[in-house]
Undergrad: 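What follows is a single structure, and I will ask about it in a moment.
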Amino acid sequence: MIQAFFEYDFIRYSVISGLIAGLIAPLIGTFIVIRRLSLIADALSHVTLGGITFGVYLSSLIGTAINPLVTGILFSILGALGIERLRTVYKHYQELAIPIIMSFGVALSVLFLSLADGFNQDLFGYLFGSISAVNLFDLTLIASIGVIVLVFIFFLYKEMFLVSFDEEYADVMNISKWIHFLFIVVVALVISASMRIVGILLVSALMTLPVASAMRVTSSFKQLMAMSVIFGEIAVIIGLFISFHLDISPGGTIVLVSLAILMGAIILDHIGVKKDGEQSESI
């Protein structure tokens, strides 16, 4: 694969995109897991799938190629805004926003999929990931999203930390209303950026499994973020390597590697190999 990396553009684009996804997905996933909002990733991934199928259908309708990644991003952002709006409508049952938006995304996907006359190879790549699917436009878009995520975390880390661990105090400080809005939009962008590598149906796993693994071997939030990124990058690199040589979809391979890392972390935690004996309760 190393030789192919220098010889073929699509391999180079896939690896670079995978490394970006392995960085930003666990990074944002850390805040998602700590805030117990893991299902938001699933809801937005289904809405993104609706956007992708809409892009495929629109391309077939007008006879002009439209990059489904663009329509997927637009739908994902709209879905994020919908979740935030529904959270204000159902103030005492905010978790209802997630299944409502998820159901909407699934319905759109089925509708546009039927209108577009079923699956095609490109759509299959979006669903499960494809090592040859990433082109230069996709890479540029994914890299841009990566920059946005890093800038967001760099400048708003303290606010995000406060909202994640003490939302009531954040409400008093008038932080949570606007910070949560920005956060959920960033989550939508991360899902859109990661779907080319692991696929829409598995993108939430890349955001949560590395964090779950890191929780077993770390004792502070910054350590959790760092180890989540390390585990995410390891899973992406090994997953892409295996999928290239076995000619299989990278999405499932990356997730299986992430699960293997999680099992290893759980075993290490069980036998007592961790930095802090009370780590589990400190996060």
Undergrad: Using every non-hydrogen atom in the two residues, find where V255 and A205 come nearest and quote the distance to one decimal.
TA: CG2-CB, 3.8 Å
Undergrad: Does a side-chain heavy-atom distance below 4.5 Å link L206 with L202?
TA: no
Undergrad: Using side chain to side chain contact (heavy atoms under 4.5 Å, CB included), reason through I197 and V134 one step at a time and then give a plain yes or no.
TA: CA-CA 8 Å; I197 301 300; V134 182; 3.9 Å; yes
Undergrad: As a test of understanding, state which of I148, L44, I32, I24 forms a side chain to side chain contact (heavy atoms under 4.5 Å, CB included) with V190.
TA: I24
Undergrad: Decide if the gap between the ring center of F221 and the ring center of F31 is smaller than 6.0 angstrom.
TA: yes
Undergrad: Within the 4.5 Å heavy-atom criterion, are F152 and L182 side-chain neighbours or not?
TA: yes
Undergrad: Taking the side chain from S258 and the backbone from P210, do they hold a donor-acceptor pair closer than 3.5 Å?
TA: no
Undergrad: Is there a path of hydrophobic side-chain contacts, each under 4.5 Å between heavy atoms of I/L/V/M/F/W/Y residues, joining M263 to V257?
TA: no
Undergrad: For residues L162 and I179, determine if any side-chain heavy atom of one lies less than 4.5 Å from a side-chain heavy atom of the other.
TA: no
Undergrad: Is the OH atom of Y157 crowded by more than 12 outside heavy atoms at less than 6.0 Å?
TA: yes
Undergrad: Find out whether V47 and S76 are in side-chain contact, i.e. whether some heavy atom of one side chain is under 4.5 Å from a heavy atom of the other.
TA: no
Undergrad: Between V149, I191, L156, I145, which is the residue that forms a side chain to side chain contact (heavy atoms under 4.5 Å, CB included) with V186?
TA: V149
Undergrad: Taking C-beta and beyond as the side chain, do L150 and L27 meet within less than 4.5 Å on heavy atoms?
TA: yes
Undergrad: On a heavy-atom basis, which atom in G18 and which in E233 lie closest, and how many Å separate them?
TA: O-OE1, 4.2 Å
Undergrad: Which heavy atom of I20 sits nearest to which heavy atom of G146, and what is that distance?
TA: CG2-CA, 4.2 Å
Undergrad: Run the numbers on M195 and L69 for side chain to side chain contact (heavy atoms under 4.5 Å, CB included), then give the verdict.
TA: CA-CA 9 Å; M195 64 184 179; L69 184 61; 2.8 Å; yes
Undergrad: Where do S213 and L262 come nearest, in terms of heavy atoms and distance?
TA: OG-CA, 3.1 Å
Undergrad: Let me confirm one number: the OH-CD1 distance from Y90 to I100, rounded to the nearest 0.5 Å.
TA: 4.5 Å
Undergrad: List the steps, then state whether side chain to side chain contact (heavy atoms under 4.5 Å, CB included) holds for F75 with L108.
TA: CA-CA 10 Å; F75 272 59; L108 285 179; 3.8 Å; yes
Undergrad: Can you get from L256 to F241 by hopping between Ile, Leu, Val, Met, Phe, Trp and Tyr side chains that sit under 4.5 Å apart?
TA: no
Undergrad: I'd like to know if I98 and V89 are part of one continuous hydrophobic network [Ile/Leu/Val/Met/Phe/Trp/Tyr, side-chain heavy atoms within less than 4.5 Å].
TA: yes
Undergrad: Kindly compute the distance separating CG (L86) from OG1 (T88), expressed to the nearest 0.5 Å.
TA: 7.5 Å
Undergrad: Taking the side chain as C-beta and beyond, is there a heavy-atom pair between I28 and F183 under 4.5 Å?
TA: yes
Undergrad: Check whether any side-chain heavy atom of I77 sits under 4.5 Å from a side-chain heavy atom of L189, and report yes or no.
TA: yes
Undergrad: If Ile, Leu, Val, Met, Phe, Trp and Tyr residues are connected whenever their side-chain heavy atoms lie under 4.5 Å apart, and connections chain through other members, are L111 and I52 in the same group?
TA: yes
Undergrad: Enter the distance from S194:OG to I142:CD1 here, rounded to the nearest 0.5 Å.
TA: 8.0 Å
Undergrad: Would you give the length of the straight line joining atom CE of M160 to atom CD1 of I153, rounded to the nearest 0.5 angstrom?
TA: 8.0 Å
Undergrad: Quick one: pull up CG in L37 and CD1 in I184 and give me the separation to the nearest 0.5 Å.
TA: 8.0 Å
Undergrad: Find the distance between NE2 (H245) and CG (L240) and round it off to the nearest 0.5 Å.
TA: 11.0 Å
Undergrad: Determine yes or no for a side-chain-to-main-chain donor-acceptor pair under 3.5 angstrom, with S38 supplying the side chain and V33 the backbone.
TA: no
Undergrad: Between V236 and V15, does a side chain to side chain contact (heavy atoms under 4.5 Å, CB included) hold up when you go through it step by step?
TA: CA-CA 8 Å; V236 167; V15 171; over 6 Å; no
Undergrad: Taking C-beta and beyond as the side chain, do E84 and V185 meet within less than 4.5 Å on heavy atoms?
TA: no
Undergrad: Work out which heavy atom in T48 is nearest to a heavy atom in S192; give both atom names and the distance.
TA: CG2-OG, 4.2 Å
Undergrad: Do you know the tightest heavy-atom contact between N135 and Y13?
TA: C-CD1, 3.7 Å
Undergrad: Report yes or no: do V203 and I254 belong to one cluster of Ile/Leu/Val/Met/Phe/Trp/Tyr joined by side chain heavy-atom distances under 4.5 Å?
TA: yes
